[in-house]
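Notes for the one structure printed next.
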Amino acid sequence: MPEPEPERTAPKRFPDRDEIAAVRAEAEPLEAGAEGGSTVRVAGRAMARRAMGKLVFLDVVDRSGRIQAICDVAVTGELDVRLGDVVGVVGRPAKSRRGEPSVLAASVEVLARTTQPLPDTFHGLTDVELRYRKRYLDLLMNEETRETFLARARVISAIRRALDEDGFVEVETPVLQPRYGGAFARPFVTHHNELGADLYLRIATELYLKRLIVGGLERVYEIGKDFRNEGVSFKHNPEFTMLEWYEAYADYRDTMARIEGLVERVAREVLGTTVVTFRGNQLDLAGPWERIRFVEALERHELWTRDAGELRAWLTERGVDTEADRDWTQLVDHAFSHYVEPGLIQPTIVHDYPVELSPFARPTDDDPTLTERFEYFAGGMELGNAFTEINEAAMQQARFEQQSEQVEGERGDPDYVEALSYGMPPTGGLGFGIDRFVMLLTGKESIRDVVLFPALRALPGAG
RNA sequence: GGGCCGUUAGCUCAGCUGGUAGAGCAGGGGACUCUUAAUCCCAAGGUCGAAGGUUCGAAUCCUUCACGGCCCA
């Protein structure tokens, strides 16, 4: 380690700091030109400086807000502050002669230097690539970005609070899995040297969480990252945040009610309303949501058939390229995501999916070719997926076998089937895409605007 | 994977039909005791995304590549 230059030994702490928003509130009721009696200590970035010779106005910004410090250099000494420096100001709440809430500074110290010029303080940082690659600058320069990520944090803590109150236990299951499953997706593969085995980054938490239901935990949830080695788009990031919960003694109808209640509650807690604007549409997240059967949703577009050839012909007729779709399940998925999903603007529950698409869902009572599965949508995006879980080992084994005949079917997991053979209570389970939910609540149209460090290609020459 | 658009100073942007690079902010120096995109003066700041090509001459035209955005698959 190189010796620090003595002139750079800045203070290591700034204790008893007051939030700028609180100081502002204290200054607000004062008369223009007056100062309050208390002493306050604020700290943050110097984001603007208006130097009038012996009098310097510094705008100091912290997480809570912005306030100007009025610095009479006869009191504070010469200021050596660059825009972007982190400063600590001690003074009194005051109002300038023009009525601006301020801190009348008794002392100003530089707590950390910037050695790089800050981006344009008027225009902010607008280059989207730079905003993603250097998110710290985006957060520094753009208040809206700060608000978005603070909202995201409130969403996640509100979800935890709601589930905790409802008797769910938060658990952590493996990210590195010897077998991947619980979704249709290509995994990331890695290798454990000591075990001498390839491992997969999980694409879902599903199969581990249900083992915990077998184990008697009754209500479990996990909020964490899943990883899918697939395309990147406005609604796809290779790692994304997923909530999954499993509830013993519940079916998919109970689960519908629970997710409607959760979404409504979180929206109210975070935004104070259930009405949001997304991609130019106003939507109301309050339940009950619209419900439509899967088959009916496709029938409305005259796209329901169980015949792969017929479906392919219909799609081709409409100019859809089906070359990559190698069997009926892929064709029907293509038809649904192309024609049905984008139109599901208001929150909508699509339910009773064909058995071929639903390897973990129990059949419906009146039609064994359909399952008690639903997906729910809003703003034209899928938010999540849920079902009445198969809780019988033999049925699960049969589904795995059926799936293995499909092009991209679920791979079997004998260890999971064995767990079920010890008996799993009837269970309702659900997955919920947190990033997309945050997009809806904040009105951000790209997942990259709600993920702090979205996946980007490496720049040439970068490690 | 395909189409379109973009990439010029740390940031935000000009730069015309090809003639050799500009502004504002930030940073440096100076003036100024109530400003708030403060103002004023001075100086400095560039491998024009990269590599080729055309040309007497390329930020500008052509090709390829990289990165990003939007749309499509």
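To find a chain, count down the sequence lines: A is the first, B the second, and so on, and within it residues start at 1.
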Under 4.0 Å, counting only non-hydrogen atoms across every strand here, what does [X] touch: a base, just sugar-phosphate, or nothing?
{"X": "A/Glu100", "result": "base"}
{"X": "A/Asp72", "result": "base"}
{"X": "A/Leu130", "result": "sugar-phosphate"}
{"X": "A/Asp127", "result": "sugar-phosphate"}
{"X": "A/His338", "result": "sugar-phosphate"}
{"X": "A/Gly33", "result": "nothing"}

Nearest-neighbour nucleotide for the [X] side chain, [options] considered:
{"X": "A/Arg97", "options": "B/U33, B/G27, B/C34", "answer": "B/C34"}
{"X": "A/Pro117", "options": "B/C13, B/U36, B/G27", "answer": "B/G27"}
{"X": "A/Asp120", "options": "B/U12, B/A38, B/U33", "answer": "B/U12"}
{"X": "A/Lys54", "options": "B/G68, B/U33, B/C11", "answer": "B/U33"}
{"X": "A/Met52", "options": "B/C34, B/U12, B/G68", "answer": "B/C34"}

Rounded [atom1] spacing from [N] to [M] in Å:
{"N": "B/G46", "M": "B/U8", "atom1": "C1'", "value": "8 Å"}
{"N": "B/C11", "M": "B/G27", "atom1": "C1'", "value": "12 Å"}
{"N": "B/C56", "M": "B/A50", "atom1": "P", "value": "25 Å"}
{"N": "B/U39", "M": "B/C34", "atom1": "C1'", "value": "14 Å"}
{"N": "B/C13", "M": "B/A21", "atom1": "P", "value": "23 Å"}
{"N": "B/U33", "M": "B/C42", "atom1": "C1'", "value": "24 Å"}
{"N": "B/A43", "M": "B/A38", "atom1": "P", "value": "24 Å"}
{"N": "B/C40", "M": "B/G45", "atom1": "P", "value": "23 Å"}

Any side-chain N or O of [X] under 4.0 Å from OP1/OP2 of [N]?
{"X": "A/Arg82", "N": "B/A26", "value": "no"}
{"X": "A/Thr121", "N": "B/C25", "value": "no"}
{"X": "A/Arg133", "N": "B/G68", "value": "yes"}
{"X": "A/Arg49", "N": "B/G27", "value": "yes"}

Exercise for review: Can you label the angle between the A/Tyr252 ring and the A/His351 ring as parallel, tilted or perpendicular, going by 30° and 60°?
Suggested key: perpendicular
For [X] and [N], what is the distance between atoms [atom1] and [atom2] respectively, to the nearest whole Å?
{"X": "A/Met47", "N": "B/A37", "atom1": "CE", "atom2": "P", "value": "15 Å"}
{"X": "A/Phe57", "N": "B/U33", "atom1": "CZ", "atom2": "P", "value": "11 Å"}
{"X": "A/Asp59", "N": "B/A38", "atom1": "CG", "atom2": "C1'", "value": "11 Å"}
{"X": "A/His123", "N": "B/A14", "atom1": "NE2", "atom2": "C1'", "value": "12 Å"}
{"X": "A/Leu58", "N": "B/A38", "atom1": "CG", "atom2": "C1'", "value": "13 Å"}
{"X": "A/Leu83", "N": "B/A37", "atom1": "CG", "atom2": "C1'", "value": "12 Å"}
{"X": "A/Tyr132", "N": "B/G68", "atom1": "OH", "atom2": "C1'", "value": "10 Å"}
{"X": "A/Leu140", "N": "B/C25", "atom1": "CG", "atom2": "P", "value": "21 Å"}

In the structure shown, which nucleotide is the Watson-Crick or G-U wobble counterpart of [N], with both distances under 3.5 Å?
{"N": "B/C11", "value": "B/G24"}
{"N": "B/G49", "value": "B/C65"}
{"N": "B/U39", "value": "B/A31"}
{"N": "B/G19", "value": "B/C56"}
{"N": "B/C70", "value": "B/G3"}

Practice item. Using the closest heavy atom to pick a nucleotide of RNA chain B for each, name whichever of A/Ala51 or A/Asp80 lands nearer the 5' end. Key: A/Asp80
Practice item. Would you mind telling me which residue lines up with the more 5' stretch of RNA chain B, A/Glu129 or A/Val81, judged by nearest nucleotide? Key: A/Val81
Exercise for review: Answer with yes or no whether the side chains of A/Thr205 and A/Glu244 bring together a donor and an acceptor at under 3.5 Å.
Suggested key: yes
Check your understanding: Is any NZ, NE, NH1 or NH2 atom of the basic residue among A/Arg41 and A/Asp18 found under 4.0 Å from an Asp or Glu carboxylate oxygen of the other?
Key -> no
Exercise for review: Answer yes or no: is there a side-chain heavy-atom contact under 4.5 Å between A/Val60 and A/Val103?
Suggested key: no
Review point. Should the pair A/Arg279 and A/Phe234 be classed as cation-pi, given the thresholds of under 6.0 Å to the six-membered ring centre and 45° from the axis?
Key: yes
Exercise for review: Please assess A/Asp352 against A/Arg291 for the test salt bridge (charged side-chain N to carboxylate O under 4.0 Å, His left out), listing each intermediate value before the final yes or no.
Suggested key: CA-CA 11 Å; A/Asp352 295 4; A/Arg291 280 164 170 71; over 6 Å; no
Exercise for review: Could you tell me whether A/Gln116 atom CD has more than 12 heavy atoms of other residues or ligands within 6.0 Å of it?
Suggested key: no
Review point. Would A/Arg45 and A/Asp62 satisfy salt bridge (charged side-chain N to carboxylate O under 4.0 Å, His left out), going step by step from the backbone distance to the final call?
Key: CA-CA 7 Å; A/Arg45 291 269 174 188; A/Asp62 75 6; over 6 Å; no
